[in-house]
Asker: 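Sharing a structure here in structure tokens format.
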There are 2 protein chains.
Amino acid sequence: MVKRRPHSAATATPLDLPATGRGSADEQAFLAQYRLDAFERPSVAVDIVVFTVIDGHLEVALYERTEHPDQGRLALPGGFMRMDESLDDAARRLLADKAGLTDVFVEQLYTFGEPGRDPRGRIVTVAHVALVDAARFSAAPLLRRLVRVPWSGETGGDVDVVDIGAAAFDDDAFDEAAACAVAFDHASIIGMAVKRLRGKLDYTPVGFQLLPAEFTLRQLQDIHEAVRGDVVNKDSFRRRMLASGHLEATGNHERGVTWRPAELYRFVRRSAV
Amino acid sequence: MVKRRPHSAATATPLDLPATGRGSADEQAFLAQYRLDAFERPSVAVDIVVFTVIDGHLEVALYERTEHPDQGRLALPGGFMRMDESLDDAARRLLADKAGLTDVFVEQLYTFGEPGRDPRGRIVTVAHVALVDAARFSAAPLLRRLVRVPWSGETGGDVDVVDIGAAAFDDDAFDEAAACAVAFDHASIIGMAVKRLRGKLDYTPVGFQLLPAEFTLRQLQDIHEAVRGDVVNKDSFRRRMLASGHLEATGNHERGVTWRPAELYRFVRRSAV
DNA sequence: AGAGCATATATGCATGAGGCATATATCCGT
DNA sequence: ACGGATATATGCCTCATGCATATATGCTCT
């Protein structure tokens, strides 16, 4: 039994079109005269934190700004949302345009909207996280920058970005390198992205997104250790991963290593039981 | 030993004011002529999912829309962001205006920006989650509506909203009640909010936000069971909570119950070690 | 007042996952 | 053939959790 509300307008309408419901003539009339621009509007941007793990280090794709504001500082790839696309679509479009990356894992992270975060005016940015394997990351036409997260637990917050130069393969030099200047609030965005990635790693199968299609258990462990910033127990890690149901042995083995070759696995979506 | 990069500009400038850096005259000039409104902009709204637990059921604050579009349907409290406030500030302001709630736990959830989600035009909404104890929720001038989450694991997705009438204290009638019509994509927003709340409950001390300042372990367990939608082991729950370091015994006991009164605890922020 | 009841609170034990050590397997280079 | 390095497998210890049992403490009813 559906209750019917009294008509707000006395006009007769066809039976199948409710007087005031979704799609009604009444609503159509309302929408026709509705002025959305009566309110002032901010600009909406989308920024993407592209992560990868190279040589055991967590890296983020950053480019050097050539224009004002914050000219010369490092910034996340991003841009303004278009009126005909969803936020996810905007992130994927910008990822393809600015980094040449397609078919990557993209997920919305958080929306930053402090009034003073951009000197150009009121710009709200919807930050996203993308995960790519090292080979595709290196091939992308973006500067590679290492991110060193100050290990203060799970705090998030700002993150130090260290240029990846000669120090790349020298941990001592890396530790002494000075942090680069980061544009806008992007250091804070990266900080939250690292925090989120660390959290997801424990209870969702997301580490595979940072590896090629086939990989060894050691490579997967390296990913986890680089993201977490500490070492994990090898045996229990192997047991846990193999028991998760997300791994499938390919029967192939790694080649060209000087030790016993490990078996290659691939990621399988766990059956929905 | 810190390496120094060569200057990009050869012009002599005062030592403290870089030629092109943040706050430089060059940047000022750029900003003065920058036209942010060259791009079309969407409207930015903020919606809040206010949760509480009453009589063992997870409830959400919804009101019936009196205007087009989706007139007569149930909707989340919300509104448009102002140009001089942050997103969190907007959420708190709207919570106070629309529900009379202040000093509550508020956290950003997710931003919804599908092009067709609002017939009035392009409106991006930044959804938030707020947690209130039952007493304050009931006193707020909003309709109470029960939310029944179809227990399909962690899927999120749309959620059935069931009117809380005579069925409130009768689980059988509640199960048979038909779902109410929900405006816009708000059923989907609530679904994601439930999913997020369930996830946070396991590894962050957030359940306390749904209780008064002093509470018994049984009340806390009821919160967890209502949010998770299943039963938890009483003994291990007590052990885990007491060992978490978040609980502090007050020495007081509950009154007016017909059984042995339980001790009252209060929430303490865990000391930073 | 005392029995009965419902719940809180405490203790002991079984089970399973993770940390750790040891043993064996398999590649490469010399 | 042998050593080096790592993969892979197995067994043991510890701890968190699930489960059962026992005691404590308020109320209600007779």
Asker: Taking the side chain as every heavy atom from C-beta outward, state whether Ile189(B) and Leu76(B) have any pair of such atoms under 4.5 Å apart.
Answerer: yes
Asker: Looking at dC19(D), I'd like to know if its phosphate oxygens (OP1 or OP2) sit under 4.0 Å from a side-chain N or O belonging to Lys234(B).
Answerer: no
Asker: Taking the minimum atom-to-atom distance to the side chain of Arg218(A), which one of dA7(D), dC19(D), dT9(C) wins?
Answerer: dA7(D)
Asker: For residues Leu131(B) and Val129(B), determine if any side-chain heavy atom of one lies less than 4.5 Å from a side-chain heavy atom of the other.
Answerer: yes
Asker: To the nearest angstrom, how far is Gln221(A) atom CD from dG18(C) atom C1'?
Answerer: 14 Å
Asker: What residues from residues 256-264 of chain A pass a heavy-atom cutoff of under 4.0 Å to DNA chain D?
Answerer: Thr258(A), Trp259(A), Arg260(A), Ala262(A), Glu263(A)
Asker: Round to the nearest Å and state the distance from Asp202(A) atom CG to dG18(C) atom C1'.
Answerer: 14 Å
Asker: Any salt bridge between Arg239(B) and Asp235(B), counting N to O under 4.0 Å?
Answerer: no
Asker: Side chain of Asp235(A), heavy atoms from C-beta onward: which of dA7(D), dA20(D), dA9(D) has the nearest atom to it?
Answerer: dA9(D)
Asker: Using side-chain contact (heavy atoms from CB on, under 4.5 Å) as the criterion, point out the one residue from Val231(B), Val232(B), Thr216(B) that pairs with Gln221(B).
Answerer: Val232(B)
Asker: Is any N or O donor-acceptor pair between the side chain of Arg239(B) and the base of dG18(D) shorter than 3.5 Å?
Answerer: yes
Asker: Distance check needed: dA7(D) C1' versus Leu247(A) CG, whole Å only.
Answerer: 16 Å
Asker: Has the side chain of Arg255(B) got a donor or acceptor that lies under 3.5 Å from a partner of the other kind on the base of dG26(D)?
Answerer: no
Asker: Hey, is the side chain of Arg238(B) poking within less than 4.0 Å of OP1 or OP2 on dA8(C), counting only N and O atoms?
Answerer: no
Asker: Just compare dT8(D), dT17(D), dT11(C) and give me whichever is closest to any side-chain atom of Arg240(B).
Answerer: dT17(D)
Asker: Rounded to the Å, how far apart are Asp222(A) CG and dT6(D) P?
Answerer: 11 Å
Asker: Measuring centre to centre across the rings, with the benzene-like ring taken for any Trp, is Phe215(A) within less than 6.0 Å of Phe208(A)?
Answerer: yes
Asker: Can you tell me the distance, in whole Å, between the CG atom of Leu242(B) and the C1' atom of dA8(C)?
Answerer: 12 Å
Asker: With a 4.0 Å cut-off, would you call Glu107(A) and Lys200(A) a salt bridge?
Answerer: yes
Asker: Would you say the side-chain atoms of Thr125(A) pair up with the backbone N or O of Ala127(A), donor to acceptor, closer than 3.5 Å?
Answerer: no
Asker: What is the separation between atom CD on Gln219(B) and atom C1' on dT7(C), rounded to the nearest whole Å?
Answerer: 14 Å
Asker: Could you tell me the separation between the CG atom of Asn252(B) and the P atom of dG26(D), rounded to a whole number of Å?
Answerer: 14 Å
Asker: For Glu254(B) and for Asn233(A), locate the closest nucleotide of DNA chain C by heavy-atom distance; then report the residue assigned to the nucleotide nearer the 5' terminus.
Answerer: Glu254(B)
